[in-house]
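Step one of this worksheet: look at the structure below.
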Amino acid sequence: MTTSPTTTDELPALDRVDWDDLAARLDRDGFAMTAPLLDPEQCRQMIDVFDDEDAFRSTIDMARLSFGEGRYRYFADPLPALVQALRTRLYPPLARIANRWAGLLGEDTFPEHHDGLVEACAAAGQHKPTPLVLRYGPTGYNCLHQDVYGVLTFPLQVLVMLNTPDVDFTGGESVFVEQRPRQQSRPMVARPGLGQAVVFPVRHRPKQGSRGHHRVQMRHGVSAVHSGERHVLGIIFHNAR
């Protein structure tokens, strides 16, 4: 007996995520990968929507802005059902991690549910949705950066790989750089498979030191794609000005 692929906003894999383990890996490594969250059909839907002009509010040519080489597109409201479901359902367990981090660093905490964060963003003048799809062709890459869109920044974000590495494209690794105080920076590389997600900090995370926890700055980017096309779905939880 075969089962039909999940084609709407169903996300059964989210029920199997071990959030305590994911939090421990975030604390230890600075990022954490999940098992596949999207099935192949859902990944294909997200790739196909890239060419739907009506689905997006903005398109960025990275080369024109010296951000890298490739294009990314920010979804317009209302978000596609699958993107909205990911944003809404991923947020509560990530908010628990974010609020624990906030306690360690003496920062403000965040609402327990995503609609509360959206309301807080609106109060800060941040109304534009930030989930996006990115497309890279051969030689495409993304410079190291942080996705900060206003004064209110939720500290964690998620990327979901929409292609199969070494089949649809080669190269194109996700790169993270941890800028350690009074030490050289630490580079890290992730190679998620089809449908897998990577959870990582937007701009900093807590790290235990000899005098307690301190902020460690992080940036992320993408190494050069050697062949094929690489598509990624980015789930950013705070809105933009």
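Predicted model only: the values in this text are computed from it and were never measured. The first residue in the sequence is number 1, and the count goes up from there.
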Indicate yes or no: at least one non-hydrogen side-chain atom of [X] is less than 4.5 angstrom from one of [Y].
{"X": "Pro155", "Y": "His204", "result": "no"}
{"X": "Leu22", "Y": "Val199", "result": "yes"}
{"X": "Phe56", "Y": "Leu132", "result": "no"}
{"X": "Val83", "Y": "Val49", "result": "no"}
{"X": "Val202", "Y": "Ile236", "result": "no"}
{"X": "Asp77", "Y": "Leu79", "result": "yes"}
{"X": "Tyr72", "Y": "Phe67", "result": "yes"}

Check side chain to side chain contact (heavy atoms under 4.5 Å, CB included) between [X] and all other residues, then give those that pass, not counting sequence neighbours.
{"X": "Ala240", "value": "Arg57, Lys128, Thr130, Tyr149"}
{"X": "Arg89", "value": "Leu11, Leu14, Asp15"}
{"X": "His145", "value": "Asn142, Asp147, His220"}
{"X": "Arg16", "value": "Pro12, Ala13"}

Just how far is it from atom [atom1] of [X] to atom [atom2] of [Y], taken to the nearest 0.5 Å?
{"X": "Thr88", "Y": "His114", "atom1": "OG1", "atom2": "NE2", "answer": "6.5 Å"}
{"X": "Leu90", "Y": "Leu37", "atom1": "CG", "atom2": "CG", "answer": "6.5 Å"}
{"X": "Gln196", "Y": "Leu159", "atom1": "CD", "atom2": "CG", "answer": "10.5 Å"}
{"X": "Met46", "Y": "Asp48", "atom1": "CE", "atom2": "CG", "answer": "9.0 Å"}
{"X": "Arg215", "Y": "Trp101", "atom1": "CZ", "atom2": "CH2", "answer": "12.5 Å"}
{"X": "Ile47", "Y": "Asp168", "atom1": "CD1", "atom2": "CG", "answer": "7.0 Å"}

Is it possible for you to say whether [X] and [Y] belong to one hydrophobic cluster, with membership spreading through side-chain heavy-atom contacts below 4.5 Å?
{"X": "Val158", "Y": "Phe110", "result": "yes"}
{"X": "Ile235", "Y": "Phe176", "result": "no"}
{"X": "Leu26", "Y": "Leu105", "result": "no"}
{"X": "Val198", "Y": "Val232", "result": "yes"}

After noting the C-alpha distance and the side-chain angles of Phe200 and Met218, does the key distance pass the side chain to side chain contact (heavy atoms under 4.5 Å, CB included) rule? CA-CA 9 Å; Phe200 57 98; Met218 292 192 67; 5.8 Å; no
Assess whether side chain to side chain contact (heavy atoms under 4.5 Å, CB included) is satisfied between Trp19 and Leu94, documenting all intermediate values. CA-CA 8 Å; Trp19 292 105; Leu94 293 180; 3.8 Å; yes
Fill in: Ionic contact status for Arg135 with Asp51, cut-off 4.0 Å
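A salt bridge links Asp51 with Arg135.
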message = As a quick check of understanding, evaluate side chain to side chain contact (heavy atoms under 4.5 Å, CB included) for Glu41 and Gln45, giving each step before the final call.
response = CA-CA 6 Å; Glu41 179 58 28; Gln45 289 175 10; 3.9 Å; yes
Scan residues 184-193 for pairs that pass side chain to side chain donor-acceptor pair (under 3.5 Å), counting only residues two or more places apart or in two chains.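 Applying side chain to side chain donor-acceptor pair (under 3.5 Å) to every pair that reaches into residues 184-193, excluding sequence neighbours, yields Asp166-Arg191, Glu178-Arg186.
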Heavy-atom closest pair (Ala124 atom, Arg241 atom, distance to 0.1 Å) is O-NH1, 2.8 Å
[Y] backbone acceptor or donor facing [X] side chain under 3.5 Å:
{"X": "Asn163", "Y": "His231", "value": "yes"}
{"X": "Gln42", "Y": "Glu10", "value": "yes"}
{"X": "Arg87", "Y": "Phe237", "value": "yes"}
{"X": "Ser223", "Y": "Glu173", "value": "yes"}
{"X": "Gln146", "Y": "Arg203", "value": "yes"}
{"X": "Thr170", "Y": "Ser227", "value": "yes"}
{"X": "Asp29", "Y": "Phe31", "value": "no"}

I would like to know whether Glu53 and Arg73 meet salt bridge (Lys or Arg N to Asp or Glu O under 4.0 Å); could you show each step before the answer? CA-CA 10 Å; Glu53 297 292 335; Arg73 312 193 79 177; 2.7 Å; yes
field: For Glu229, all residues meeting side chain to side chain donor-acceptor pair (under 3.5 Å), sequence neighbours excluded
entry: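 With neighbours one apart ignored, the set is empty.
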Criterion side chain to side chain contact (heavy atoms under 4.5 Å, CB included) on Leu233 and Phe75, from CA distance to verdict = CA-CA 11 Å; Leu233 172 65; Phe75 285 104; 3.9 Å; yes
With ring pair (Phe, Tyr, Trp, His ring centres under 6.0 Å) as the criterion, how do Tyr91 and Phe154 come out once you've worked through the C-alpha distance, each side chain's angles and the decisive distance to 0.1 Å? CA-CA 10 Å; Tyr91 178 83; Phe154 186 73; 4.9 Å; yes
